[in-house]
Asker: 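For reference, the structure I am asking about is given below.
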Amino acid sequence: MTTRERPRQLTFDLEARTSLGREDFLIAPPNAAAVAWIDAWKDWPAPALVLSGPAGSGKTHLTRVFMSMAGAHEITGGFPEDGAPDAAYVIEDVDRRIGDRSFEEPLFHLYNDLKGAGGHILLTARSAPAQWTFAIPDLASRLRAAPATEIGEPDDVLLGAVLVKLFADRQLRIDADVIAYAVPRMERSFAAARALAAAADKLALEGKRPVTVPLMRRVLET
């Protein structure tokens, strides 16, 4: 196996937010509004907040931040039958289940219970409620009127920082010149950043060499 070195410290104009005491959430213009909404969870004007954004943009990371701050419970299967109405909840990938009445009905009742008791629920999705096809009109009106925030595709600064973190997660040495070379030449998305880091890691391991500009050029070309 190739010997992996500690990554060089790179400087980005970003803040860091600790998630569950383990991970840092990088804050930049594409996600700053979403972070502000999570920070202000006690002051949401409605029980629900809809957080949308592309795959890999950090929605799950922010739900963990919210769960830590609000003591929220994640609903992954059935809805709580006797859940405290003033509690806080998280449901991810809601847009994949909208249209299913067996999902919408308990969500509708939970929303109303939370509204009456001052509870909160964070819903994540890849698109905003205006684009969802609902089975229950009353739920549609509530969620389309609820506050919503979106994580946009990364700008240069955030994309570079995401790459640094992805490589650091793989314990790969990555220099600033490699990031500077990759960012303007790659597809501008979180998913592309993950794919690029995985491909570069694989090629570096196969060749038993560090990730350099020539190696990154080869990854981007192939």
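Note that the structure is a prediction, hence the values are computed from the model and not measured.
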Asker: Looking at every heavy atom in both Val162 and Ala193, which two are closest together, and how far apart are they?
Answerer: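 Closest pair (atom of Val162, atom of Ala193, distance): CG1-CB, 4.1 Å.
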
Asker: Give, for atom CZ of Arg101 and atom CD1 of Ile136, the distance between the pair rounded to the nearest 0.5 Å.
Answerer: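 Nearest 0.5 Å value for the CZ-CD1 distance: 4.5 Å.
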
Asker: Output yes when a side-chain donor or acceptor of Thr124 lies under 3.5 Å from a complementary backbone atom of Asp93, and no otherwise.
Answerer: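 Yes, because the side chain of Thr124 sits within donor-acceptor range (under 3.5 Å) of the backbone of Asp93.
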
Asker: Heavy atoms, side chains only, cut-off 4.5 Å: are Leu122 and Met67 in contact?
Answerer: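 No, every pair of side-chain atoms sits at 4.5 Å or beyond.
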
Asker: Can you tell me which residue pairs pass the ring pair (Phe, Tyr, Trp, His ring centres under 6.0 Å) test with a partner in residues 122-160, sequence neighbours excluded?
Answerer: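 Ring pair (Phe, Tyr, Trp, His ring centres under 6.0 Å) check on residues 122-160 returns Trp132-Phe134.
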
Asker: State, yes or no, whether a side-chain contact exists between Phe103 and Ile91 at a heavy-atom distance under 4.5 Å.
Answerer: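 A side-chain contact under 4.5 Å exists here.
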
Asker: Tell me the closest heavy-atom pair linking Ala72 and Phe66, and the distance in Å.
Answerer: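 Smallest interatomic distance, heavy atoms only, reads CB-CE2, 3.6 Å.
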
Asker: Within a strict 4.5 Å, meaning less than it, do heavy atoms of the Leu107 and Ile121 side chains meet?
Answerer: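 Of all side-chain heavy-atom pairs linking Ile121 with Leu107, at least one is under 4.5 Å.
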
Asker: Is any side-chain heavy atom of Leu51 closer than 4.5 Å to one of Trp37?
Answerer: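 Trp37 vs Leu51: side chains apart.
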
Asker: Could you note down all residue pairs passing side-chain hydrogen bond (donor to acceptor under 3.5 Å, both in side chains) where residues 140-155 supplies at least one of them, sequence neighbours left out?
Answerer: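 Residue pairs with at least one partner in residues 140-155: Asn112-Arg142.
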
Asker: Rounded to the nearest 0.5 Å, what separates atom CG in Leu196 from atom CZ in Phe167?
Answerer: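 Leu196 CG to Phe167 CZ: 5.5 Å, rounded to 0.5 Å.
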
Asker: Is there a donor-acceptor contact under 3.5 Å from the side chain of Asp95 to the main chain of Arg126?
Answerer: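 Side chain of Asp95 to backbone of Arg126, a donor-acceptor pair under 3.5 Å: yes, one is there.
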
Asker: Roughly how far, to the nearest 0.5 Å, is the CE atom of Met186 from the CG atom of Leu159?
Answerer: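 Nearest 0.5 Å value for the CG-CE distance: 4.5 Å.
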
Asker: Report the distance from atom CD of Glu74 to atom OG1 of Thr63, rounding to the nearest 0.5 Å.
Answerer: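 It comes to 6.0 Å.
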
Asker: Does any pair with a residue in residues 181-195 pass salt bridge (Lys or Arg N to Asp or Glu O under 4.0 Å), and if so which ones, sequence neighbours excluded?
Answerer: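 Only Asp156-Arg188 qualify under salt bridge (Lys or Arg N to Asp or Glu O under 4.0 Å).
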
Asker: Within the 4.5 Å heavy-atom criterion, are Leu166 and Asp201 side-chain neighbours or not?
Answerer: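 Side-chain contact under 4.5 Å: no.
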
Asker: Which atoms form the tightest heavy-atom contact between Ala48 and Ala146, and what is the distance?
Answerer: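 Shortest heavy-atom separation between Ala48 and Ala146 comes out as O-CB, 3.7 Å.
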
Asker: Test side chain to side chain contact (heavy atoms under 4.5 Å, CB included) on Val178 and Leu163; report intermediate values, then the result.
Answerer: CA-CA 10 Å; Val178 179; Leu163 281 174; over 6 Å; no

Asker: Has Lys59 got a side-chain atom pairing as donor or acceptor with Pro54's backbone, closer than 3.5 angstrom?
Answerer: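 Yes, the answer is positive, given that a donor and an acceptor are paired below the 3.5 Å cut-off.
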
Asker: Search all heavy atoms of Gly99 against all heavy atoms of Ala135 and return the closest pair with its distance.
Answerer: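 Smallest heavy-atom distance, with atoms named: O-CB, 3.7 Å.
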
Asker: What is the distance from atom CG of Asp138 to atom CD of Glu104, rounded to the nearest 0.5 Å?
Answerer: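 Result: 10.5 Å between the selected atoms.
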
Asker: Could you tell me which non-hydrogen atom of Val211 sits nearest to which non-hydrogen atom of Ala204, and how far apart they are?
Answerer: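 Closest heavy-atom pair between Val211 and Ala204: CG2-CB, 4.1 Å.
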
Asker: What heavy-atom pair brings Ile179 and Gly160 nearest, and what distance separates the two atoms?
Answerer: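 In this case the closest contact between Ile179 and Gly160 is CG2-CA, 3.8 Å.
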
Asker: To the nearest 0.5 Å, tell me how far Phe79 CZ sits from Leu110 CG.
Answerer: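 Result: 6.5 Å between the selected atoms.
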
Asker: Check the angle between the aromatic planes of Trp41 and His120 and answer parallel, tilted or perpendicular using the 30° and 60° thresholds.
Answerer: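 Rings of Trp41 and His120: perpendicular, as their planes differ by over 60°.
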
